[in-house]
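Notes to accompany the following structure.
Remember, predicted model here, so these are calculated numbers, not experimental data.
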Amino acid sequence: MEAFSSKDMAMQAQKKILSHMASKSMAQMFIDDNSSEVLDELYRVSKEHTGNRGEAQKVVKNMIKIAVKVGVLFRHEKFSADELRLAQDFRKKLHHGAMTAISFQEVEFTFDKNVMKDLLTDCRDLMLKLVEKHLTPKSLDRIRHVFNHYADPDLLTHLYDPQGTLWSNLGKICSGLNRMIEEGKL
């Protein structure tokens, strides 16, 4: 007999529907103003660095889709005890990455693109390991796309150049990250 679960079907439907609705207006329904501002700045950084509005939109849209899908998995308690430990490891690594990003922005001449690249790569790998049994290959590619985009050494160098065009964006991103840390959201 075929195993059928309406709860699993509902979760699949939620993931599918929410992933199709990953626009800025939908994101504002699910995330707070501070997170929205950080996403807006990340979009501007991507757009300025790549010169490609469509690519910048795709990166941010993929980030929103990933966040929504992982949220749905948490809400439906789909993660095993081992996966929940991975989620904690991811959260710690992300927190460490945010603290490092802020420190590099605040203290002159401390920026190291390899450190930031490695932190983002570690976050990517933890996220992939966390969701590999739950999401489609397309969703896993979205995770790779987002983290690889922001771990690009050229983008990081451009972003952390005090005389560069992205320096003010970095200041706003770091302010938002600081608020998230203070509120216990990161």
Side-chain angles (χ1 to χ4, degrees), residues 15 18-19 22 27-28 30-46 49 56 58-107 110-135 139-153 155-157 159-160 166 169-186:
K15 286 191 327 190
L18 291 172
S19 74
Q28 289 174 339
F30 292 103
I31 60 174
D32 60 34
D33 289 341
N34 186 49
S35 300
S36 181
E37 289 170 17
V38 170
L39 286 173
D40 288 347
E41 291 305 320
L42 288 170
Y43 163 77
R44 290 181 190 104
V45 163
S46 295
H49 180 72
K58 184 176 179 182
V59 170
V60 172
K61 190 172 186 173
N62 283 345
M63 200 179 321
I64 293 167
K65 285 182 176 187
I66 294 162
V68 167
K69 288 182 179 190
V70 171
V72 168
L73 291 170
F74 267 113
R75 182 170 172 255
H76 287 273
E77 300 174 356
K78 291 297 179 182
F79 293 120
S80 69
D82 287 341
E83 289 168 333
L84 289 172
R85 281 189 286 281
L86 273 174
Q88 274 304 106
D89 291 345
F90 173 79
R91 185 177 169 91
K92 288 176 188 172
K93 184 64 76 171
L94 194 61
H95 178 84
H96 178 67
M99 296 293 288
T100 303
I102 293 165
S103 175
F104 283 164
Q105 191 265 338
E106 291 177 344
V107 183
T110 59
F111 170 66
D112 184 336
K113 68 182 172 193
N114 292 320
V115 169
M116 285 305 301
K117 179 183 178 291
D118 290 347
L119 282 167
L120 289 166
T121 301
D122 290 348
C123 284
R124 178 201 64 204
D125 294 345
L126 284 168
M127 176 63 76
L128 287 169
K129 199 170 180 183
L130 172 66
V131 299
E132 67 187 349
K133 296 176 185 164
H134 304 282
L135 299 181
S139 291
L140 299 177
D141 286 343
R142 285 187 179 110
I143 293 168
R144 288 183 196 94
H145 179 238
V146 168
F147 281 101
N148 292 347
H149 177 79
Y150 289 108
D152 174 41
L155 184 146
L156 291 169
T157 301
L159 183 62
Y160 277 90
L166 300 177
N169 301 93
L170 178 61
K172 293 173 187 171
I173 291 167
C174 289
S175 285
L177 292 175
N178 253 328
R179 284 192 299 277
M180 289 175 168
I181 290 168
E182 289 169 4
E183 295 168 1
K185 295 179 180 176
L186 189 64

Atom [atom1] in [X], atom [atom2] in [Y]: separation rounded to 0.5 Å?
X	Y	atom1	atom2	result
Arg44	Asn169	CZ	CG	7.5 Å
Leu166	Leu155	CG	CG	7.0 Å
Leu177	His95	CG	NE2	11.0 Å
Cys123	Asp118	SG	CG	11.0 Å
Lys78	His134	NZ	NE2	9.0 Å
Asp122	Lys92	CG	NZ	14.5 Å

I want to check something: taking the side chain as every heavy atom from C-beta on, are [X] and [Y] in contact at a cut-off of under 4.5 Å?
X	Y	answer
Val59	Tyr43	no
Arg124	Leu120	no
Tyr150	Leu159	no
Val68	Lys65	no
Lys69	Leu73	no
Asn62	Lys58	yes
Met63	Leu42	yes

Given the rule in the side-chain contact (heavy atoms from CB on, under 4.5 Å) test, do Asp141 and His145 qualify, once you have shown the distances and angles that lead to the verdict?
CA-CA 6 Å; Asp141 286 343; His145 179 238; over 6 Å; no
Could you pull out the closest heavy-atom pair between [X] and [Y], with the gap in Å?
X	Y	answer
Lys129	Glu132	O-CG, 3.6 Å
Lys117	Ala151	CG-O, 3.4 Å
Asp112	Asn114	OD1-N, 2.9 Å
Leu135	Ser139	CB-CB, 3.7 Å
Arg91	Leu186	NH2-N, 4.3 Å

Could you go through Val70 and Met127, starting from their C-alpha distance and side-chain angles, then the distance that decides it, and tell me whether this counts as side-chain contact (heavy atoms from CB on, under 4.5 Å)?
CA-CA 9 Å; Val70 171; Met127 176 63 76; 3.9 Å; yes
Is the ring pair Phe90/Phe147 parallel, tilted or perpendicular, if the boundaries are 30 and 60 degrees?
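Because their plane-to-plane angle is over 60°, the rings of Phe90 and Phe147 count as perpendicular.
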Mind running side-chain contact (heavy atoms from CB on, under 4.5 Å) on Phe79 and Val131 for me, showing each step along the way?
CA-CA 8 Å; Phe79 293 120; Val131 299; 4.3 Å; yes
Do the charged groups of Glu182 and Arg179 touch, with an N to O distance under 4.0 Å?
no
Which donor-acceptor pairs under 3.5 Å do side chains of residues 96-105 form with protein atoms, sequence neighbours excluded?
| residue | atom | partner | partner atom | Å |
| --- | --- | --- | --- | --- |
| Thr100 | OG1 | His96 | O | 2.8 |

